[in-house]
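Proteins come first, then strands; the chains are lettered A, B, ... in the order of their sequence lines, and each starts at number 1. From a predicted model like this one, the values you see are computed outputs, not experimental measurements.
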Protein chains: 2
Amino acid sequence: MSTGVNLKELAAELKLSPSTVSRALNDSYEISEATKKKVISMAEKLNYQPNPFARSLRENKSKTIAVVIPERMSSFFSKVVDGIEEITQQFGYHLLVYSTHEDVDREKKIVNLLMNGRADAIIMSVSSQTSDISHLTRLHERGFPLVFFDRICSDIPTTKFITNDYESGFEGTKHLIQQGCRKIAFLMLSKELSITKDRYRGYLDALKQAGLSPEPQLNITCCQDEEQNIEAIKQLLTGPNRPDGILSSVEKLALATYHAVKRTHLRIPEDIKIISFFSNLSIASLLNPSLTTITQPAFTIGEECAKLLMKKLTKPRQPDLPNQLITIPSKITIRSSTIVL
Amino acid sequence: MSTGVNLKELAAELKLSPSTVSRALNDSYEISEATKKKVISMAEKLNYQPNPFARSLRENKSKTIAVVIPERMSSFFSKVVDGIEEITQQFGYHLLVYSTHEDVDREKKIVNLLMNGRADAIIMSVSSQTSDISHLTRLHERGFPLVFFDRICSDIPTTKFITNDYESGFEGTKHLIQQGCRKIAFLMLSKELSITKDRYRGYLDALKQAGLSPEPQLNITCCQDEEQNIEAIKQLLTGPNRPDGILSSVEKLALATYHAVKRTHLRIPEDIKIISFFSNLSIASLLNPSLTTITQPAFTIGEECAKLLMKKLTKPRQPDLPNQLITIPSKITIRSSTIVL
DNA sequence: ATAAGACATGCAATCGTTTCCGTAGTTTAG
DNA sequence: CTAAACTACGGAAACGATTGCATGTCTTAT
């Protein structure tokens, strides 16, 4: 297959020993400048590419990071991965990307496969079904570098990158209240998710501050089937206890809401106002009416995850990843879905 | 780091030689059922995980496929990768995913890095700036398994998976003509792209069939900057030679068109009709008005690429990938952007 | 003139598998 | 009863890189 020259052949060509050539290519002080030059030029000429597996085996590192996300069709996760790649690529690291499809069993399989050292670290956001986290604690206890972002596991003492979920939930709700909403629904993927909990706390506190009481019927837990979600939201909108505002905690549920509204006679924002965590600004402004968004700094989150790991992995004796929660704020952009002109 | 037991330790524990243990785990006929059972249960007990690099080094295969796409924030490419993963995962293969960000220099770097055997094969869609394909021919000439999809290199004799670009371009244009369009613009990313050429041919032939003559000013080549694209399209829409129909050859340009239209007084579909290659059905039907789409079978394309490769890579003596163009048809879904009620 | 140090290079072990080859012990054929 | 053929396993080489140690040559100081 990839039958380029190897170190031994290169050395033979140069009439040097493999060790000398290796050292020359790795710029060792033990090798004279003259031989280094010769070696390097010959390596270029023969297009020598070191075998990554031989190297990985010897050095016990793969120069590979695994990224585990719940889904690919999401502008948030796409941007995070872009951010990660932007940094890791500069360090010559490669990215194994896995999607769990929000399925905890797939997540477990993936994580277990990763324990054999194929990757030097994992950056992940857990699936919405993940409640048993034994697969993750095991990984972490073995000293495997693990970084969470967005949907984190608080119980695992490592570094996590999130946005200001609580504040954003609070401010988003407050904004709806300021626009006159009194009955605000909260849309979520799963009650277990860290982002759900934090955003929901913000939502509750904003209600409380405004003297509004939360109503359990206004909380909708959605599933993986878009059609089902749309129908559930439609039921809510056409039911006896119709909300006048909606805070959607994830992108896809905002889209489901727009679909649901289309199936009713309701108007946005006159009858129902909508705000959502949302990362695709282009789409947000194209929706009809344009969607008021809480924009997460997806790309930056990815970059920060990667920067931290690169620091740990490329420098010699680095400490374990600290048990730390790093918050990068979101930005609320008010558009037409919450403003009656 | 990932300090599990290795084969030698496992063998010592069992008082067997490493070779026997290896054979037992690989279900060799040379090993008695009794020892196989013992070995397997001990391996389970000690949670033995073979070192992937040692194995890769020895077997000269990595059980890894590289996927190279122009961008991650695209429902088409996301779905293709999902399709690929669906298949490869069943065979225990891993996915290295790279984005070129439509940059041919990044593409070259990635491809060159991949030549060292880190992956057993590459599945790719070339960047819009790729005209010099020497990096790809070199790869292919070395016998590296290479599969193209969507944006292909016709000059490289390997298997390529596309949709029926010509027919879809033809039918899409024909649909616009049937709806009364006489001046139809064609939006593309780059003239060099295979998809542009084929879809454009379909467009031209449909015009010809209807007795319409193509106008060069109605072809817009877009760039990577969304704002610039929007302005260019707006110029077209507000200029003296305004089209009454638009065929967009890629998803992102349909969105840019909607943005552009929003900046004018024009109405869709009354003043301007729009049809686009588009993979995000949920978004297409939410746009205002909903977008008539040519939906590419993204997931299936990914699956087919992966199936072909799995067949080649997992069976013993497989021939080279045939020089073959496999077409999986798109489906046109008519929505409001082309229909005046 | 000789010992000591610096410099440049080679030998061989190592990483963890797989697999070729060899060899005891047992069964089968002639 | 002996030769041939199996069966079940062990020893050791190989994959391709890195690196500790050894070695040889050349300066330089005493």
Side-chain angles (χ1 to χ4, degrees), chain A residues 1-40 42-43 46-64 92 115-120 314 316, chain B residues 1-40 42-43 46-64 92 113 115-120 316:
Chain A
M1 301 286 158
S2 71
T3 171
V5 289
N6 61 22
L7 193 63
K8 210 190 290 183
E9 291 160 2
L10 178 58
E13 195 71 28
L14 285 157
K15 296 185 181 165
L16 286 172
S17 82
S19 47
T20 302
V21 176
S22 171
R23 275 188 270 252
L25 291 172
N26 292 329
D27 201 29
S28 160
Y29 70 99
E30 295 183 280
I31 305 296
S32 68
E33 288 305 318
T35 21
K36 275 185 194 171
K37 284 222 173 76
K38 267 187 235 164
V39 169
I40 290 172
M42 180 63 81
L46 301 186
N47 192 29
Y48 166 71
Q49 303 268 46
N51 180 310
F53 305 118
R55 187 175 268 178
S56 291
L57 178 58
R58 176 64 215 235
E59 310 233 286
N60 199 31
K61 53 195 261 189
S62 58
K63 285 207 139 202
T64 300
M115 276 202 291
N116 61 12
R118 188 176 283 270
D120 296 338
T314 59
Chain B
M1 300 284 157
S2 72
T3 171
V5 290
N6 61 22
L7 193 64
K8 209 190 291 181
E9 292 161 0
L10 178 58
E13 195 70 28
L14 285 157
K15 294 183 183 168
L16 287 171
S17 82
S19 47
T20 304
V21 176
S22 171
R23 275 187 272 250
L25 291 173
N26 293 329
D27 202 28
S28 160
Y29 69 100
E30 294 183 280
I31 305 296
S32 71
E33 288 305 319
T35 25
K36 274 185 194 170
K37 283 223 174 74
K38 267 188 234 165
V39 169
I40 290 170
M42 181 62 83
L46 300 187
N47 192 31
Y48 166 71
Q49 303 268 43
N51 180 310
F53 305 117
R55 185 173 272 177
S56 292
L57 177 59
R58 176 64 217 235
E59 311 231 284
N60 199 30
K61 53 195 260 191
S62 58
K63 286 209 137 197
T64 300
L113 275 178
M115 277 202 289
N116 62 12
R118 189 176 283 269
D120 295 339

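- Nucleotide C/dG16 holds its P atom 17 Å from the CG atom of B/Asn26, rounded to whole Å.
- Nearest nucleotide to the side chain of A/Ala54, out of D/dG16, D/dC9, C/dT19: D/dG16.
- Regarding contacts with the backbone of C/dT9, every side-chain N or O of A/Tyr29 stays at 4.0 angstrom or more from both OP1 and OP2.
- Remark: P of C/dT9 and CG of A/Leu25 are 13 Å apart, rounded to the nearest angstrom.
- Distances from the side chain of B/Leu16 to the nucleotides D/dA17, C/dT17, D/dG10 place D/dG10 closest.
- A/Glu9 comes within 4.0 angstrom of no nucleic acid atom, judged by non-hydrogen atoms across all strands.
- With salt bridges taken as basic N to acidic carboxylate O contacts below 4.0 Å, one links A/Asp27 and A/Lys36.
- Protein atom CG of A/Leu57 is 7 Å distant from nucleotide atom P of C/dG16, rounded to whole Å.
- Remark: the A/Ser32 side chain and the C/dC7 base include no donor-acceptor N/O pair separated by less than 3.5 Å.
- Residue B/Leu7 contributes atom CG, which lies 10 Å from atom P of C/dG16 at whole-angstrom precision.
- Positionally, the nearest nucleotide of DNA chain C for A/Lys36 lies more toward the 5' end than for the other of A/Glu59 and A/Lys36.
- A donor-acceptor contact under 3.5 angstrom links the side chains of B/Ser32 and B/Thr35, judged on distance only.
- The number of heavy atoms from other shown groups lying within 6.0 Å of NZ (A/Lys38) does not exceed 12.
- Residue contacts shown for A/Thr35 are limited to sugar-phosphate atoms, with no base heavy atom under 4.0 Å away.
- In this structure, B/Phe53 and A/Ser62 approach most closely via the heavy-atom pair CZ-CB, 3.3 Å.
- Ranking C/dG10, C/dT9, D/dC9 by closeness to the A/Arg23 side chain, first place goes to C/dG10.
- Projected onto DNA chain C by closest heavy-atom contact, B/Phe53 and B/Ser19 fall at different nucleotides, the more 5' of which corresponds to B/Phe53.
- Rounded to whole Å, atom C1' of C/dT9 lies 13 Å from atom CG of A/Leu14.
- Here the P atom of nucleotide D/dC15 and the CZ atom of B/Arg118 are 21 Å apart, to the nearest Å.
- In this structure, of D/dT19, C/dG16, D/dC9, it is D/dT19 that holds the atom nearest to the side chain of A/Ser22.
- Of the two residues contacting DNA chain D, namely B/Val21 and A/Gln49, the nearest-nucleotide position lying further toward the 5' end is that of B/Val21.
- Pairing each heavy atom of A/Val5 with each of A/Glu9, the nearest pair is CA-OE1, 3.2 Å.
- If you take CZ of A/Arg58 and P of C/dT17, they are 16 Å apart, rounded to a whole angstrom.
- Between C/dG16 and B/Asn51, no contact under 4.0 Å exists linking OP1 or OP2 to a side-chain N or O.
- At D/dG10, one or more side-chain N or O atoms of B/Thr20 fall inside 4.0 Å of OP1 or OP2 (strictly under the cut-off).
- Side-chain contact between B/Thr20 and B/Val39: absent, with no pair of heavy atoms (C-beta onward) separated by less than 4.5 Å.
- Taking only side-chain nitrogens and oxygens, A/Arg55 comes nearer than 4.0 Å to OP1 or OP2 of D/dT18.
- Rounded to an integer number of Å, the gap from A/Asn60 CG to C/dC15 P is 11 Å.
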